[in-house]
Amino acid sequence: QSQHLIEPAAMSATAAGGWVLYRDRPDWADVTPLKQDESERTVLRIAYTEKFSDVHDYLRACMRADERSQRTLALTADAIELNPANYTTWSYRRAILASLDGDMEAEMKLVRGIILRNQKNYQVWYHRRWVATRLSGADGTSELELTGEVLTEDSKNYHAWEHRQWAIRHFNLWERELAYTELLIGTDVRNNSAWHQRHFVLANRNGEASGLTPDVVAAETEFALNWIGQCPNNESAWSFLRGLHLDTGLADCPRLLQFCRELLATEAGCPHLLAFMADYRADQLDRRCPLAEGETRESVATEALRLLHLLATKADRIRRRYWLFVAGDLHARHGGQMPELQEGLVQPELD
Amino acid sequence: LTSQMSNISAGDSSSSDDEGRSRRCRQQQQLPDMEKFSAQLTKYCRRVLTCLPSHCSGYDQNRLVFAWFAISTMDMLDRTQELNRQEIIDWVYSLQILPSSGRPVANCGFRGAPLLGSPADPHLDAENPLPYDASHLTMVFAGLGILLMLGDDLQRVDRDAVLSGVAALQTPAGCFTAGKFAPESDLRFVFSACVSCYYLNDFTKIDVDRSVAFLLACQTYEGGFGQRPGSEAHGGSTFCAIASLKLLGRLDSALPADSRQRSRLLRWLCQRQHRGFHGRPYKDDDSCYTFWIGASLAALGRANLIDRSALVEFVFSCYSGMDGGFSKYPGDSADPLHTYLALAGLAALRLEDERLEPIRPEANITERAHLHMLALHRAAAASAASH
């Protein structure tokens with residue numbers, strides 16, 4: 001009953017290898033093709049090829065009759081090959097597979113091939129999930145393999161990452177994912193998707209309880225600082241670092257300020273470093289944290305304003321209006337001495 | 001601190017690809033004067049609205065959206081009067097899916113194209129509708145949007161059926177699936193649902209609280225929003241989240257102005273500028289993010305925080321006078337999506353008020369069409385009051 005659908009187009013072709021239009025196939029003579037109704041003066045026509053129109057004329061007829069058979073299964077494969085973005089064709093195919101109690105192993109192979117040829121198509125990834133949940137004995141490792149393969153070619157493919165997260169949740173595959181993110185970070189330290197995935201694993205692997213326990217935060221802080229030390233000009237690593245301390249606040253971790261001060265000796269132009277230090281100082285002020293000896297709220301605010309001013313005027317000029325806005329907001333809330341603005345720079349209005 | 005500034009690095013660099021594109025960008029032809037620019041764009045849009053070549057067959061189920069891109073572009077140029085408006089309006093109505101004895105109201109709304117074989121006259125298949133024929137949320141948004149832009153009074157829209165069809169697609173978690181036969185669900189369809197309700201001025205059939213909860217669950221540690229909870233922050237989904245919250249009237253309660261969530265979001269958005277905008281850190285600048293990021297900032301009232309000249313320079317480097325439209329990257333060929341989004345981004349940011357009709361960012365429609373929508377709402381309210 002089941003078909004091996006490795007090369008769907010080949011399956012529908014003649015033995016000689018040429019394509020035969022459906023309207024010329026004797027085993028389809030009982031079907032009256034259904035054309036699109038473009039009798040109205042239609043807008044945005046498409047100059048379909050003859051092959052495209054022919055396949056879809058027969059698809060329309062079969063979908064109207066809702067015929068669920070081996071031949072319509074093959075027909076949907078042909079239609080999908082011509083237009084894998086047609087979501088209704090995929091729905092129809094699923095209905096047929098359900099009615100025929102289709103071979104999910106074969107379907108996995110088919111979908112894998114289509115994914116590798118259409119890596120940014122939404123429908124094909126949804127279909128993969130549908131099949132994977134119906135494949136008996138599946139443990140999800142094939143999903144890690146497939147997404148791993150796609151991510152090797154395009155390490156930021158959004159669909160692949162979403163699918164990978166789905167598989168990890170569905171099949172409980174948390175264990176080895178941290179190592180995978182580390183591998184990718186080692187390959188490209190600015191792979192934001194890999195850093196995000198790492199946060200995803202840490203935050204979610206404990207189910208309802210947050211995975212960002214104090215021990216984890218401490219260990220992952222060192223992880224992030226190590227990569228920042230190697231490549232400071234890396235928004236992804238700094239964001240990840242901030243993300244670890246979102247619930248507690250940066251100022252609860254004096255190690256962070258210490259690290260930044262040390263890095264400043266050689267990286268005084270790094271915008272992420274300057275911004276992070278300004279954020280640290282702002283956190284101290286916002287949460288009214290106890291300050292170090294010799295520091296006052298006024299001196300801390302002044303330092304934050306100097307950092308923001310440096311960002312606006314030298315280190316991150318494309319965002320000068322934003323940094324001046326942040327400075328104005330901080331000054332309004334916490335005081336401090338505003339550096340004088342250069343001529344030509346205008347303080348953006350606060351609401 | 002200042003004595004250490006001699007160490008300044010050259011600023012963030014993206015991929016080496018970007019440097020090559022910058023070179024090509026400087027070699028691009030200069031932007032033509034307004035009249036020629038408008039003429040070239042109009043010619044491109046009219047060509048799109050007439051016929052697309054066979055390599056665009058992958059758009060078959062989305063033709064309504066591509067019509068929307070072209071018509072919206074012409075609306076920004078204030079040239080829709082050059083189109084056969086009634087023909088287009090009638091075509092849009094031929095794509096409406098109406099309730100009948102054979103069709104539950106949950107399937108109603110708009111389809112993207114007649115590709116299943118549905119008759120242009122909806123009454124012809126009322127008794128025996130096609131089994132796989134159902135509404136798609138993005139097509140509801142596009143269909144209503146085109147009608148508004150072309151000045152239609154929406155009298156032929158079955159409001160109750162459309163809104164019921166939208167509501168039927170809401171998930172228990174507060175997200176929306178695209179359609180009965182398009183089961184994917186993410187923030188794109190939350191936006192499509194919200195903007196459709198907004199155009200029809202009726203949010204009563206959907207569960208607003210649940211959608212707000214879902215939206216907030218999509219904000220990541222970076223400050224932007226992913227397509228689903230757990231997904232990476234991305235320019236497109238971030239726009240969908242902000243616009244949805246604003247349309248639902250919940251932006252300031254869900255993301256209070258002085259909250260950390262709001263300030264993280266603003267930081268993330270402003271970080272998305274390299275010269276133009278990109279959608280995620282260390283991805284190349286792409287002209288479509290002119291809208292996703294630009295309209296997000298405009299909706300938050302922070303359009304003034306970006307570097308305008310760098311953005312405009314990048315956007316126009318993606319313009320091809322030969323094609324008459326905008327491409328994703330400088331030097332690539334134009335497509336209707338990037339043509340609309342590049343211009344709409346500038347229009348939402350109010351950077352090209354001399355060339356373009358401004359866009360209401362969260363409603364993704366020109367101010368002119370938005371005013372027409374408001375007039376229809378007032379007329380409907382007055383009519384209801386007098387009954």
Side-chain angles (χ1 to χ4, degrees), chain A residues 34-49 52 56 60 63-64 66 82-83 85-88 91-92 122 126 156 158 161-162 165 190 192-193 196 199-200 204 233 235-236 239 242-243 246 264-270 306 310 314-316 318-319 321-322 325 348 351, chain B residues 1 4-5 7-9 11-12 48-54 56-61 63 66-67 70 87-88 90-91 94 114-120 130-132 178-179 181-184 220-222 227-228 230-234 257 270-271 273 280-283 301 304-307 310:
Chain A
L34 174 60
K35 295 212 155 296
Q36 273 194 95
D37 182 355
E38 305 223 74
S39 55
E40 297 275 301
R41 303 272 308 279
T42 50
V43 177
L44 210 142
R45 290 173 186 276
I46 296 177
Y48 310 111
T49 62
F52 189 99
H56 286 86
R60 281 185 268 276
M63 286 179 79
R64 180 168 63 177
D66 204 3
L82 289 167
N83 183 7
N86 188 335
Y87 54 85
T88 322
S91 271
Y92 179 44
Y122 286 91
Y126 176 86
K156 301 174 186 181
Y158 202 87
W161 282 111
E162 283 200 312
Q165 286 193 349
R190 293 189 175 122
N192 197 71
S193 304
H196 172 85
H199 185 274
F200 165 79
N204 294 291
N233 206 12
E235 180 185 342
S236 301
S239 285
R242 251 193 218 89
L246 275 185
L264 203 57
T266 48
E267 299 291 335
C270 175
R306 283 223 307 268
L310 270 169
K314 288 198 171 61
D316 198 17
I318 188 113
R319 269 167 279 283
R321 293 168 186 256
Y322 171 74
F325 165 77
D351 279 351
Chain B
L1 195 63
Q4 289 160 342
M5 289 304 287
N7 232 1
I8 307 296
S9 54
D12 283 2
V48 167
L49 286 168
T50 306
C51 190
L52 292 174
S54 60
C56 294
S57 294
Y59 300 164
D60 205 18
Q61 59 289 333
R63 285 162 59 189
F66 280 85
E87 180 180 290
I88 298 171
D90 290 341
W91 181 67
S94 78
L115 82 173
L116 292 182
S118 54
L130 298 169
Y132 290 91
F181 301 108
E184 59 206 269
T220 77
Y221 68 90
E222 289 189 87
Q227 284 290 1
R228 300 184 53 77
S231 300
E232 188 183 359
H234 180 283
C270 291
Q271 290 281 8
Q273 182 165 25
R280 290 180 279 167
Y282 301 113
K283 298 277 287 179
N304 58 329
L305 298 184
I306 62 154
D307 183 321

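Lettering of chains follows the sequences in order, A, B, ..., and the numbering in each one begins at 1. Quick note: numbers below take in every heavy atom, side chains included, and nothing from hydrogens, waters or symmetry partners.
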*Sequence neighbours excluded, which residues qualify as ring pair (Phe, Tyr, Trp, His ring centres under 6.0 Å) partners of Tyr158(A)?*
His234(B)
*Go through the steps for Leu130(B) and Met63(A) under the test side chain to side chain contact (heavy atoms under 4.5 Å, CB included), then give the verdict.*
CA-CA 8 Å; Leu130(B) 298 169; Met63(A) 286 179 79; over 6 Å; no
*Residue Phe52(A) versus chain B: region with a heavy atom under 4.5 Å*: side chain
*With a 4.5 angstrom heavy-atom cut-off, could you sort out which part of Asn86(A) is near chain B: side chain, backbone, both or neither?*
both
*Could you check if a side-chain atom of Pro281(B) sits within less than 4.5 angstrom of a side-chain atom of Arg190(A), using non-hydrogen atoms only?*
no
Whether the side chain of [X] engages the backbone of [Y] through a donor-acceptor N/O pair (distance < 3.5 Å, no angle test) should be reported.
X         : Y         : value
Arg63(B)  : Val43(A)  : yes
Arg319(A) : Gln273(B) : yes
Gln165(A) : Gly230(B) : yes
Arg228(B) : Glu162(A) : no

To the nearest 0.5 Å, what is the distance between [atom1] on [X] and [atom2] on [Y]?
X         : Y         : atom1 : atom2 : answer
Arg64(A)  : Ser118(B) : CZ    : OG    : 11.0 Å
Arg45(A)  : Leu49(B)  : CZ    : CG    : 13.0 Å
Arg321(A) : Ile306(B) : CZ    : CD1   : 8.5 Å
Tyr48(A)  : Asp60(B)  : OH    : CG    : 3.5 Å
Ile318(A) : Gln271(B) : CD1   : CD    : 11.0 Å
Lys156(A) : Glu232(B) : NZ    : CD    : 8.5 Å

*Any chance you could lay out the side chain to side chain contact (heavy atoms under 4.5 Å, CB included) test for Ser239(A) and Tyr221(B), step after step, and finish with the verdict?*
CA-CA 8 Å; Ser239(A) 285; Tyr221(B) 68 90; 4.2 Å; yes
Measure [X] against the heavy atoms of chain A and call it side chain, backbone, both or neither at under 4.5 Å.
X         : result
Cys270(B) : both
Leu115(B) : both
Ala310(B) : side chain
Thr220(B) : side chain
Pro53(B)  : backbone

_Ser236(A) vs Tyr282(B), test: side chain to side chain contact (heavy atoms under 4.5 Å, CB included). Steps then yes/no._
CA-CA 9 Å; Ser236(A) 301; Tyr282(B) 301 113; 3.8 Å; yes
*Test Ser57(B) against every option in Ile46(A), Leu82(A), Asn83(A) by the side-chain contact (heavy atoms from CB on, under 4.5 Å) rule and name the one that passes.*
Ile46(A)
*Write down the atom of Tyr132(B), the atom of Asp66(A), and the distance for their closest heavy-atom approach.*
OH-OD1, 2.7 Å
*Quick one: which of Ala233(B), Pro183(B), Ala70(B) has the most heavy-atom pairs under 4.5 Å with chain A, could you say?*
Pro183(B)
